[in-house]
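These notes concern the structure reproduced below.
Sequence positions, counted from 1, serve as the residue numbers for this chain.
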Amino acid sequence: MRSLSEVRDDLLLRVDSALGDETREVTQLSIDAGESAGALSLTVSVAADQEIRLPPSLIDEAEYWGVEMKAIRAPFRASFQQKVDRLRALNRRDLRSV
């Protein structure tokens with residue numbers, strides 16, 4: 001399993017083109033403040049909202065850090081899990097259409 005910062009950086013590379021300037025700035029501020037979990041949450045949210053397909057292994061790693069390792073604070077964990085579930089559903093939908 002990769003570290004939280006490695007997963008965060010991988011997600012950022014994959015969703016960068018979908019990030020608006022404001023979201024990009026907030027994400028960078030989170031990283032600068034040592035809040036990798038905040039950046040992880042933002043990038044997963046953007047990927048789900050913009051329907052960006054991510055590799056299943058990356059989705060698994062994001063869920064591991066965000067939910068199982070409790071990097072995402074409890075009040076936000078359910079919303080984060082919904083975004084992760086949405087990303088998984090996008091992959092399943094793609095598989096069914098092949």
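Scanning all heavy atoms of the two residues, the minimum distance from A39 to S30 falls at N-CB, 4.0 Å. Residue S41 comes nearest to I72 through the heavy atom pair CB-CD1, 3.8 Å, listed as atom of the first residue, atom of the second, then distance. For the pair F80 and L40, the tightest heavy-atom approach, listed with the atom from each and the gap, is CZ-CD2, 4.0 Å. Scanning both residues, I52 and A18, for their nearest heavy atoms gives CD1-CB, 3.5 Å. What you find for L4 and A37 is that their closest heavy atoms are CD2-N, 4.2 Å.
Cluster membership check: L11 shares its hydrophobic cluster with M69, using side-chain heavy-atom separations under 4.5 Å among Ile, Leu, Val, Met, Phe, Trp and Tyr. Cluster annotation: V44 is not connected to L29 through the hydrophobic network of ILVMFWY side chains, with a link wherever side-chain heavy atoms come within less than 4.5 Å. Note: the hydrophobic cluster containing M1 also contains L54 (ILVMFWY, side chain heavy atoms under 4.5 Å, direct or indirect links).
Rounded to the nearest 0.5 Å, atoms CH2 (W65) and OG (S5) are 8.5 Å apart. Summarising the geometry, atom NZ belonging to K83 is positioned 12.0 Å from atom OG1 belonging to T43; distances are rounded to the nearest 0.5 Å. In this structure, the separation between OG1 on T23 and CD on Q28 is 13.0 Å, given to the nearest 0.5 Å. The structure places CZ of R88 at 9.0 Å from CG of N91, a figure rounded to the nearest 0.5 Å. Note that the CG atom of L90 and the CD1 atom of I59 stand 8.0 Å from one another [nearest 0.5 Å]. The CD atom of E63 lies 6.0 Å from the CD atom of E68; values are rounded to the nearest 0.5 Å.
The residue from V46, T27, V7 that alone fulfils the side chain to side chain contact (heavy atoms under 4.5 Å, CB included) condition with L12 is T27.
The side-chain heavy atoms of L42 and V26, taken from C-beta on, include a pair separated by under 4.5 Å.
Judged purely by atom type and a 3.5 angstrom limit, R53 uses its side chain to pair as donor or acceptor with the backbone of E51.
Screening residues 7-16 for salt bridge (Lys or Arg N to Asp or Glu O under 4.0 Å), with sequence neighbours left out, gives R2-D10, D10-R14, D16-R24.
In E25, the CD atom is not crowded: 12 or fewer heavy atoms of neighbouring residues, nucleotides or ligands sit closer than 6.0 Å. By the neighbour-count criterion of 12 heavy atoms within 6.0 Å, atom CG of D21 is sparsely surrounded, having that number or fewer from other residues, nucleotides or ligands.
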